[in-house]
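Below is one structure; the comments refer to it alone.
Below, chains carry the letters A, B, ... as their sequence lines are ordered, and counting in each starts from 1. Just so you know, these numbers come straight off a predicted model, no measurement behind them. Heavy atoms only: backbone and side chains are in, while hydrogens, waters and symmetry mates are out.
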Amino acid sequence: MIKSILVILASAAIVNNFVFKQVLGICPFLGVSNRVETSLGMGAAVTFVMAMASAVTSAIQECILIEFGLEYMQTIMFILVIATLVQLVEMFIKKSSPTLYKGLGVFLPLITTNCAVLGVALLNIRSEYTLFESVFSGIGAALGFTLALVLLAGIRERLDECELPKAFEGLPIALISAGILALAFSGFQGIF
Amino acid sequence: MQGFIQDIKNGLIDENPVFVMLLGMCPTIGITTAVINGIGMGLATTFVLLGANIVISLLRNVIPDEVRIPSFIVIIATFVTIVDLLMAAYAPDLHGALGVFIPLIVVNCLILQRAEAKASKSNLVRSIGDAIGMGLGFTLAITVLSFFRELLGNGSVLGYSLFSSFTPLRVMNESAGGFITLALILGFLNWYKARKKGGSQA
């Protein structure tokens with residue numbers, strides 16, 4: 001039991017890293033990877049939302065969509081649930097922990113359109129994970145996303161002080177760094 | 001009519017969603033390993049964009065401002081479901097190749113951004129022009145990207161082999177190839193723009 005959960009966690013976080021292998025969540029990956037601090041904040045917010053979204057969508061799939069033969073409503077249902085969930089989490093954090101809200105607040109609305117959240121929900125269903133496994137796959141995916149974000153942010157902070165060809169300043173050089181990181185991560189392929 | 005054509009040109013070149021506005025990055029890097037995937041994804045996105053822009057433009061005076069984002073998402077998700085089911089029925093191979101990226105058209109920031117910036121403020125004709133321009137601009141961009149990746153990673157275009165002896169660059173078929181190809185295209189465009197603006201010294 002514990003072994004299978006560890007395998008799911010490690011597979012989602014490293015071997016099938018969401019950013020480098022599944023290529024999901026690229027917009028926030030490029031958008032908030034300017035500084036290490038902000039990328040850690042974004043990562044924490046995503047982890048929170050992904051774990052909850054995985055649990056809720058998995059339950060909905062089991063108890064509502066399959067039960068009533070409505071699988072074709074999956075996309076509409078999931079995106080609505082995720083959008084509502086993000087709103088709910090935002091209100092809850094605002095009320096219960098103003099400090100945490102200050103840290104995560106700006107990132108929360110952005111997460112609705114982070115395709116990694118809907119992506120993990122859909123991939124959980126496609127891998128036929130149970131509710132319990134889905135939660136861990138969500139956490140693993142979010143940890144992998146955070147890892148990728150922090151790695152790129154670290155590189156970009158250093159690149160800021162380098163002299164670059166004018167045409168490659170900003171996003172192009174960030175994309176090349178991401179490409180090299182992805183190459184490094186492809187070394188993990190086939191471990192499990 | 002002039003505005004309509006202007007909107008199309010705007011989306012194709014001046015504000016190209018991928019190369020200029022950097023929207024919709026996930027499918028841009030995720031599925032562009034073969035030209036046919038690029039074209040299929042581009043046209044599917046164009047269809048969703050067109051449908052969503054038409055409906056949102058028609059309903060723009062009915063939808064209350066406070067709930068406009070959830071309403072837009074429901075409208076977009078409806079069209080994505082239509083595309084998903086149509087492709088599963090009529091193009092099962094392509095549907096399999098694009099996989100999870102078809103339902104993920106819902107969260108393609110390009111579509112929501114156009115709904116918010118254009119369709120919710122403009123009349124029907126302009127919204128249609130905008131959707132066609134942006135959709136084709138997106139299709140053009142990801143087709144160009146997938147052309148280079150298929151050529152270098154597979155030695156073929158649209159599945160037809162071009163060389164008799166060719167060692168494919170396998171990295172092009174992985175996400176790393178997508179990141180680097182896009183970086184090189186953006187760098188080239190920056191260089192070209194700077195050169196055009198500043199004469200020969202660039």
Side-chain angles (χ1 to χ4, degrees), chain A residues 17-31 72-80 82-84 87 109-123 125-126 152 164-186 189, chain B residues 22-32 69-70 72-85 88 99-113 170-171 173-195 198 202:
Chain A
N17 184 285
F18 249 57
V19 174
F20 296 129
K21 185 74 207 309
Q22 317 269 18
V23 203
L24 294 169
I26 303 293
C27 295
F29 174 62
L30 295 173
Y72 61 91
M73 291 287 283
Q74 204 182 46
T75 314
I76 301 182
M77 199 81 176
F78 281 13
I79 188 67
L80 273 181
I82 290 171
T84 325
Q87 199 93 66
L110 282 175
I111 294 177
T112 315
T113 50
N114 180 346
C115 53
V117 179
L118 183 60
V120 80
L122 292 169
L123 287 173
I125 307 289
R126 286 180 191 209
L152 187 67
L164 296 166
K166 199 124 196 81
F168 277 89
E169 270 171 16
L171 206 67
I173 196 71
L175 279 166
I176 290 199
S177 318
I180 295 171
L181 275 174
L183 210 55
F185 266 79
S186 68
Q189 258 172 57
Chain B
L22 303 163
L23 294 170
M25 284 291 123
C26 294
T28 303
I29 291 167
I31 53 89
T32 51
I69 301 285
F72 294 168
I73 290 180
V74 176
I75 293 169
I76 295 168
T78 311
F79 282 100
V80 172
T81 307
I82 295 173
V83 165
D84 195 5
L85 295 177
V100 77
F101 281 101
I102 300 175
L104 285 179
I105 297 175
V106 172
V107 279
N108 187 328
C109 10
L110 167 64
I111 298 173
L112 196 60
Q113 200 264 353
R170 271 192 44 224
V171 63
N173 293 328
E174 289 172 26
S175 61
F179 284 118
I180 292 173
T181 315
L182 182 63
L184 293 179
I185 294 178
L186 288 178
F188 172 77
L189 290 176
N190 283 345
W191 172 79
Y192 181 74
K193 265 181 227 156
R195 211 180 84 136

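Counting only heavy atoms from C-beta outward, the side chains of A:Leu30 and B:Leu22 never approach each other to under 4.5 Å. In this structure, A:Leu24 and B:Phe101 have side chains that are in contact, with non-hydrogen atoms separated by less than 4.5 Å.
Between chain A and the residues B:Pro70, B:Gly99, B:Pro27, B:Gly178, the largest count of heavy-atom pairs under 4.5 Å involves B:Gly99. The residue among B:Ala88, B:Pro103, B:Gly24 with the most heavy atom pairs within less than 4.5 Å of chain A is B:Pro103. Chain B forms the most heavy-atom pairs under 4.5 Å with one residue out of A:Ala182, A:Ala167, A:Ala83, and that residue is A:Ala167.
Both the backbone and the side chain of B:Thr78 come within contact range of chain A, with heavy atoms under 4.5 Å apart. For A:Gln22, the part sitting under 4.5 Å from any heavy atom of chain B is the backbone (N, CA, C, O) and nothing else. Only the side chain of A:Leu171 has a heavy atom closer than 4.5 Å to any heavy atom of chain B. Contact of A:Phe185 with chain B is not made at all, since no heavy-atom distance falls under 4.5 Å. For B:Val80, the part lying under 4.5 angstrom from a heavy atom of chain A is the side chain only.
Taking both residues in full, the closest heavy atoms of B:Cys26 and A:Cys115 are given as SG-SG, 2.9 Å, listed atom of the first, atom of the second, then distance. Summarising the geometry of B:Val100 relative to A:Arg126, their closest heavy-atom pair is N-NH1, 3.4 Å, with the distance given to 0.1 Å. When every heavy atom of A:Ile26 is checked against every heavy atom of B:Phe179, the shortest pair comes out as CD1-CZ, 3.8 Å. In terms of heavy atoms, B:Ile180 sits closest to A:Gly179 at CG1-CA, 4.0 Å.
Here the straight-line distance linking atom OG1 of B:Thr81 with atom CE of A:Met73 works out to 7.5 Å at 0.5 Å rounding. Put simply, CG on B:Leu110 and SG on A:Cys27 are 10.0 Å apart, with the number rounded to the nearest 0.5 Å. To the nearest 0.5 Å, atoms CG (A:Leu175) and CD1 (B:Ile29) are separated by 6.0 Å. Note that CD1 of B:Ile82 and OH of A:Tyr72 are 12.5 Å apart. Values are rounded to the nearest 0.5 Å. Distance check, rounded to the nearest 0.5 Å: CG of A:Leu123 to CG of B:Leu104 gives 8.0 Å. Considering OG1 of B:Thr181 and CD1 of A:Ile176, their distance stands at 10.0 Å, rounded to 0.5 Å.
The closest donor-acceptor contact from the side chain of A:Thr75 to the backbone of B:Ala77 lies at 3.5 Å or more, if one exists at all.
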